[in-house]
Amino acid sequence: MTAAPSLSVLASGLVCGVGLTAAESCTAIRCNINNFQETRFIGRGGDWIVGSEVTLEEPWRGLAKLARMAARAVTECLAATAPLPPDRVPVLLAVAEPERPGRPEGLDRLIFELMEQVLGHKLHPHSRILPQGRIGGAVALLGARRMLVEGSHPRIVVAGVDSLLSGPALMAWQDADRLLTRDNSNGFIPGEAAGAVLLAPHTEDAAADLLIRGFGFAKEPAPLGSGKPLRAEGLVQAIRAALAEADLPLHACDARITDASGEQYRFKEAALALTRLLRERKPRFDLWHLADCTGEVGAATVPAMLAYLLAGARGDYLPGPALLGHLGDDGERRAAFIAQAMVPQALALEAQAQSRFEAKRRGMVA
């Protein structure tokens with residue numbers, strides 16, 4: 001199968017509970033630092049709900065805070081577009097799905113207007129909102145690839161912003177027993193974040209530290225709360241499609257990065273998918289989940305993943321060049337992507353690991 005066109009990740013921005021820039025946030029995440037603190041909301045048992053809050057210059061809330069977080073992350077990316085003016089770069093922004101509890105009123109209609117006030121310039125007319133929650137970042141990547149391959153734009157920013165720290169949202173998840181509390185270990189810590197990545201079409205003569213080589217999408221017949229037996233059908237199909245686009249086998253990937261944020265369902269789904277797909281023994285196959293440091297960040301998940309992988313590629317601390325990312329929403333939609341670090345040390349690590357693995361298969365190494 002012919003590999004799909006690759007995308008170059010040129011820059012990133014990340015605002016979350018552990019940092020206001022990509023450099024700050026990714027360094028904190030690598031050091032396993034979190035900012036989990038008691039919020040101003042009280043749970044059913046009388047305890048304060050714990051969350052990961054972004055601290056800005058002023059105590060903005062709701063839509064005003066989302067717009068400022070998104071503008072800050074996008075600004076980091078747009079700084080790398082020179083000599084192309086920032087207003088010539090479309091922004092594809094993932095936000096919370098319409099049915100999400102606690103979603104700010106007028107989010108889709110007002111957030112670009114508020115962002116433009118903060119940025120000090122108009123956004124490109126082809127910029128658009130994707131109100132699809134956690135999966136929206138992956139859908140935005142697919143749309144960005146189509147626009148870049150068509151040649152209509154030389155650069156595109158894919159971004160996401162979300163906050164789960166509102167009263168209605170927290171009460172809804174608490175009523176569904178989905179928050180991590182003293183009495184419930186099968187839950188997540190709510191957070192808020194904005195992430196962004198600057199993308200360009202990949203060419204052989206262009207320097208890039210991180211590529212996105214393939215995507216996959218599918219539907220899960222046994223979503224969370226359905227009561228149906230989980231076999232990870234949707235995630236398996238999504239990963240297979242991403243691997244096919246990248247023209248890679250699963251055992252060639254060096255680590256996984258996922259949206260798992262504390263609930264058992266996500267970890268079980270990831271384990272089942274791995275069991276069904278991996279046909280070659282791997283002595284190590286790390287599973288990274290940024291929510292350990294940022295909390296659950298909804299629509300900002302995919303840009304945050306890519307920001308961390310880009311930092312790892314540039315810092316040469318990835319275990320190898322090929323990375324598998326996968327995620328899903330609370331419904332049936334699942335997505336996966338394959339990223340590749342283009343750093344000499346990472347490529348050398350991959351070659352060494354593959355050589356050792358082949359030697360063991362031939363019985364040459366004990």
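Annotation: the span from Asp87 atom CG to Glu116 atom CD amounts to 10.0 Å, rounded to 0.5 Å. Here the CG atom belonging to Asn35 is positioned 10.5 Å from the SG atom belonging to Cys293, to the nearest 0.5 angstrom. Note that the CD1 atom of Ile212 and the CG atom of Leu199 stand 5.0 Å from one another [nearest 0.5 Å]. Atom CG of Leu165 sits about 7.5 Å away from atom OG of Ser52, to the nearest 0.5 Å. For the atom pair Leu309 CG and Leu323 CG, the distance stands at 5.0 Å (nearest 0.5 Å). Here the straight-line distance linking atom CG of Asp209 with atom CG of Leu10 works out to 9.0 Å at 0.5 Å rounding.
A salt bridge links Glu57 and Arg72; the closest N-O separation between the charged side-chain nitrogens and carboxylate oxygens is under 4.0 Å. One finds no salt bridge joining Arg213 and Glu245 here, because no Lys/Arg side-chain nitrogen approaches an Asp/Glu carboxylate oxygen to under 4.0 Å. Using a 4.0 Å cut-off between charged side-chain N and carboxylate O, Glu58 and Arg68 make no salt bridge. Salt bridge status for Arg182 with Asp47: present, with a side-chain N to carboxylate O gap under 4.0 Å. Salt bridge status for Arg100 with Asp329: absent, with no side-chain N to carboxylate O gap under 4.0 Å. Ion pairing of Glu263 with Arg266 is absent here, as no side-chain N (NZ or NE/NH1/NH2) approaches a carboxylate O to less than 4.0 Å.
Side-chain N or O atoms of Glu150 include none that pairs as donor or acceptor with a backbone N or O of Ser152 at under 3.5 Å. No donor-acceptor pair closer than 3.5 Å links the side chain of Arg240 to the backbone N or O of Gly216. A donor-acceptor pair under 3.5 Å links the side-chain atoms of Arg103 to the main chain of Ala96, judged by distance alone. With hydrogens and angles ignored, the 3.5 Å screen pairs no side-chain donor or acceptor of Gln174 with any backbone N or O of Leu179. The closest donor-acceptor contact from the side chain of Asp254 to the backbone of Ala322 lies under 3.5 Å. Ser12 places no side-chain N or O within donor-acceptor distance of the main-chain N or O of Val197, the cut-off being under 3.5 Å. Between the Arg279 side chain and the Arg276 main chain, a donor and an acceptor come within less than 3.5 Å of each other. Side-chain atoms of Ser127 never come within 3.5 Å of backbone atoms of Leu123 as a donor-acceptor pair (strictly under, hydrogens ignored).
Side chains of Arg178 and Phe188 form a contact here, defined as non-hydrogen atoms less than 4.5 Å apart. Side-chain contact check for Leu210 versus Met342: every heavy-atom pair is 4.5 Å or farther apart.
No chain of hydrophobic side-chain contacts below 4.5 Å, direct or via other Ile, Leu, Val, Met, Phe, Trp or Tyr residues, connects Leu290 to Ile33. Leu306 and Val74 are members of different hydrophobic clusters when ILVMFWY side chains are connected at heavy-atom separations under 4.5 Å. Under a hydrophobic-cluster definition in which Ile, Leu, Val, Met, Phe, Trp and Tyr are linked whenever side-chain heavy atoms come within less than 4.5 Å, directly or via other members, Leu119 and Val158 are assigned to different clusters. With hydrophobic clusters built from ILVMFWY side chains whose heavy atoms lie under 4.5 angstrom apart, Tyr308 shares a cluster with Leu141.
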Can you check side-chain contact (heavy atoms from CB on, under 4.5 Å) on Glu192 and Lys65, steps first, answer last?
CA-CA 10 Å; Glu192 55 187 5; Lys65 186 172 187 179; 2.6 Å; yes
Salt bridge (charged side-chain N to carboxylate O under 4.0 Å, His left out) evaluation trace for Asp175 with Arg44:
CA-CA 9 Å; Asp175 291 343; Arg44 276 196 306 258; 3.7 Å; yes
Please step through salt bridge (charged side-chain N to carboxylate O under 4.0 Å, His left out) for the pair Arg314 and Asp316, ending with a clear verdict.
CA-CA 6 Å; Arg314 289 176 171 172; Asp316 248 2; over 6 Å; no
Apply the test side-chain contact (heavy atoms from CB on, under 4.5 Å) to residues Val50 and Leu180: give CA-CA distance (whole Å), side-chain angles for both, the deciding distance (0.1 Å), then the verdict.
CA-CA 8 Å; Val50 173; Leu180 182 65; over 6 Å; no
Determine whether Arg134 and Glu97 satisfy the following criterion, salt bridge (charged side-chain N to carboxylate O under 4.0 Å, His left out), listing intermediate values before the conclusion.
CA-CA 8 Å; Arg134 195 184 301 119; Glu97 51 272 62; over 6 Å; no
Applying salt bridge (charged side-chain N to carboxylate O under 4.0 Å, His left out), run through Glu24 and Arg30 and close with a yes or a no.
CA-CA 10 Å; Glu24 291 175 3; Arg30 189 189 180 199; over 6 Å; no
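For the residue pair Ser6/His202, the side-chain donor-acceptor check at 3.5 Å is not satisfied.
Taking the ring centre of Trp48 as origin, the terminal cationic atom of Arg40 falls outside the region bounded by 6.0 Å and 45° from the ring axis. The cationic group of Arg145 does not satisfy the cation-pi geometry with Phe215, failing either the under 6.0 Å distance to the six-membered ring centre or the 45° limit from the ring axis. No cation-pi contact links Arg333 to Phe217, judged by a cut-off of 6.0 Å to the six-membered ring centre and 45° from its axis. Geometric assessment of Lys268 against the ring of Tyr265 yields a negative cation-pi assignment under the 6.0 Å and 45° thresholds.
Heavy atoms only, all atoms of each residue included: Thr301 and Glu296 are closest at OG1-OE2, 4.1 Å. Here the closest non-hydrogen pair linking Val297 and Gly191 is CG1-C, 4.3 Å. Across all non-hydrogen atoms, the minimal contact from Ala159 to Val91 is CB-CG1, 4.5 Å.
Within the 6.0 Å centre-distance limit, the rings of Phe267 and His289 are counted as a close aromatic pair.
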